[in-house]
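Input: a single structure, listed below in C-alpha cells.
Please read these numbers as outputs of a predicted model, since none were measured by experiment. Below, each value reflects all heavy atoms present in this structure, side chains not excepted, and no hydrogens, waters or symmetry copies. Within every chain, numbering begins at 1; the chains are lettered A, B, ... in the order of the sequence lines, protein sequences first and strands thereafter.
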2 protein chains.
Amino acid sequence: MMREAEDVFHKHLRKVGLKHTEQRDVILRTFVETRDHLSTDELFRLVKKKDAGIGFTTVYRTLKLLTECGLASEVAFHDGVARYEHQFYRRSHHHMVCTNCGSSVEFFSPEIEKVEKDIGKKHHYRTTRHSFQVFGICENCSKAEDNGR
Amino acid sequence: MMREAEDVFHKHLRKVGLKHTEQRDVILRTFVETRDHLSTDELFRLVKKKDAGIGFTTVYRTLKLLTECGLASEVAFHDGVARYEHQFYRRSHHHMVCTNCGSSVEFFSPEIEKVEKDIGKKHHYRTTRHSFQVFGICENCSKAEDNGR
DNA sequence: TTATCTGCAAAGCATTTGCAGCACA
DNA sequence: TGTGCTGCAAATGCTTTGCAGATAA
C-alpha cells in the first residue's frame, strides 16, 4: 500500500514537472501510515517527530499535492479546520462525529451515492461529489452525561 | 410569516433578558424577506441599504441570536464562509451547489433523514443533525463549457 | 437609573503567499 | 547549471472580542 501510494505520488510529480524530495516523501509516508482524519497542523506535528526540520508550509503544500493526485481528500467536520484522510484503496464512506468529544466513526451508505445521482439527474447537474456527515453524541459521552446527574 | 418570525424573535429576546432594538428588527426583517443563503457580509450589505448606520458587528451578533432561537441555521457550502438561511416554516432540505458559478438548488430527500437515524442506532450515537451537500456543474455552466470549445 | 447594545477598531486564527537561500535533476 | 523547493515571516480573509459612548426598560 505504501509502495503504491509512493508510485502514484512520484508519477504525479513527474507528470506536472515537480521534483521528488526527501521532505515530500516523509510527509507522504507519515500521512499514509496514519489512520485518522488529520488537519494540516496535526500532520505537521507528526512529521516534525520524524524530521524536525520540515516546516508547516511544506506540509501544507504537500497536502495540496496529495489531494491533487487523489491520495488525500478533504473531509469537513465543521469545526473550523480543514481535515484530510487518505483515499488509497478505500471505498467511499462517510463520517459521524461526536460534537462533544470530537471522536468519529466511519460508515458506508450506498443510499447516499444513489441520492447524489438521482438529484443530479433531476436538476440537470453533472455531479462530481458530495459531502455528508452526521453529528451527535457518542455512547461514551451520553453515559458520562448520565453519570454527571 | 414576518409577523410570526418577529414574535419568535421578541419572545426569545425577553426570555434570555436581551433588549428589543430597532437595529435587531431591521436585521431580522432583511434576513427573513430574502430567499437566499446569506453570508454575514452579504446580509450586512443588504441591511446597510435600509439603514446605513448599522455595523457589521451588530449583524454578526444578531445572526447568532437568530440561530439560537431557531429562525436561522447555518448551511455549509464549503467555500470558506459561513452561510445562513431562514428556517421559518421550512421542511428539512438540502443543497446542490455548482462549483463553477456558485448557484444552488434545494431539494428534499427523506432517504437522508432515514440514513441519519439508522446509522445513529447502529453505532449507539444520539444523533442531533447532519450535513449533506451535492457538488457539481449546473446545466448553464455545462452548456457554456461546450460552447467554449 | 442601569444593564444592555452598538459600532469601531483591533485581536484571533487558520490558511496562503513572497522571498532569499538551498537542493534536486 | 538552473529550475523548482524549502521554511521563515508576513499577508490575507473571515470571524470574534474589548471598549467607550449610546439606548431601551
*Would you kindly give the CG-to-P distance between A:Leu18 and C:dA23, to the nearest whole Å?*
19 Å
*Between B:Lys50 and B:Glu33, does at least one N-O distance fall below 4.0 Å, as a salt bridge requires?*
yes
_Could you check whether any side-chain heavy atom of B:Leu65 comes within less than 4.5 Å of a side-chain heavy atom of B:Leu13, counting everything from C-beta outward?_
yes
*Side-chain donor or acceptor of A:Lys19 under 3.5 Å from a matching atom on the base of C:dA23?*
no
*asked:* For A:Glu106 and A:Ser104, which I'm curious about, is there any donor-acceptor pair between the side chains at under 3.5 Å?
replied: no
*Gap between atoms NE2 and C1', on A:His20 and C:dC22 respectively (whole Å)*: 17 Å
*B:Glu22 CD to D:dA25 P: how many Å, rounded?*
12 Å
_Distance below 4.0 Å between A:Gln23 side-chain N/O and C:dA23 OP1 or OP2_ = no
*Taking only the side-chain nitrogens and oxygens of A:Arg14, find out if one of them lies under 4.0 Å from OP1 or OP2 of C:dA25.*
no
*D:dG7 phosphate, OP1 or OP2, under 4.0 Å from A:Thr58 side-chain N/O*: yes
Output a table of nitrogen or oxygen pairs between the protein and nucleotides 9-16 of chain D separated by less than 3.5 Å.
{"unit_1": "D:dT15", "atom_1": "OP1", "unit_2": "B:Ala82", "atom_2": "N", "d": "2.8"}
{"unit_1": "D:dT16", "atom_1": "OP2", "unit_2": "B:Tyr60", "atom_2": "OH", "d": "2.4"}
{"unit_1": "D:dT16", "atom_1": "OP2", "unit_2": "B:Lys64", "atom_2": "NZ", "d": "3.4"}
{"unit_1": "D:dT16", "atom_1": "O5'", "unit_2": "B:Tyr60", "atom_2": "OH", "d": "2.5"}

_Between C1' on D:dT6 and CG on A:Asp25, what's the gap in Å once rounded to a whole number?_
15 Å
*asked:* Is the distance from the ring center of A:His78 to that of B:His78 below 6.0 Å?
replied: yes
_Working to the nearest 0.5 angstrom, can you tell me the gap between A:Asp51 CG and A:Asp25 CG?_
12.0 Å
*Out of D:dT17, D:dG7, D:dA24, which has the shortest distance to the side chain of B:Thr21?*
D:dA24
_Rounded distance in Å - NZ (B:Lys48) to C1' (C:dT6)_ = 16 Å
_B:Asp118/B:Lys114 salt bridge by N-O under 4.0 Å criterion_ = yes
*In whole angstrom, what separates A:Arg61's CZ from D:dG4's P?*
14 Å
*For B:Glu6 and B:His20, what are the C-alpha separation, side-chain angles and deciding distance, and is it a side chain to side chain donor-acceptor pair (under 3.5 Å)?*
CA-CA 11 Å; B:Glu6 290 183 346; B:His20 171 210; over 6 Å; no
*Can you tell me how far C1' of D:dA22 sits from CD1 of B:Ile54, to the nearest Å?*
15 Å
*Looking only at side-chain N and O atoms, does B:Arg24 come under 4.0 Å of OP1 or OP2 in C:dT6?*
yes
_How many whole angstroms separate atom CG of B:Leu13 from atom C1' of C:dC5?_
11 Å
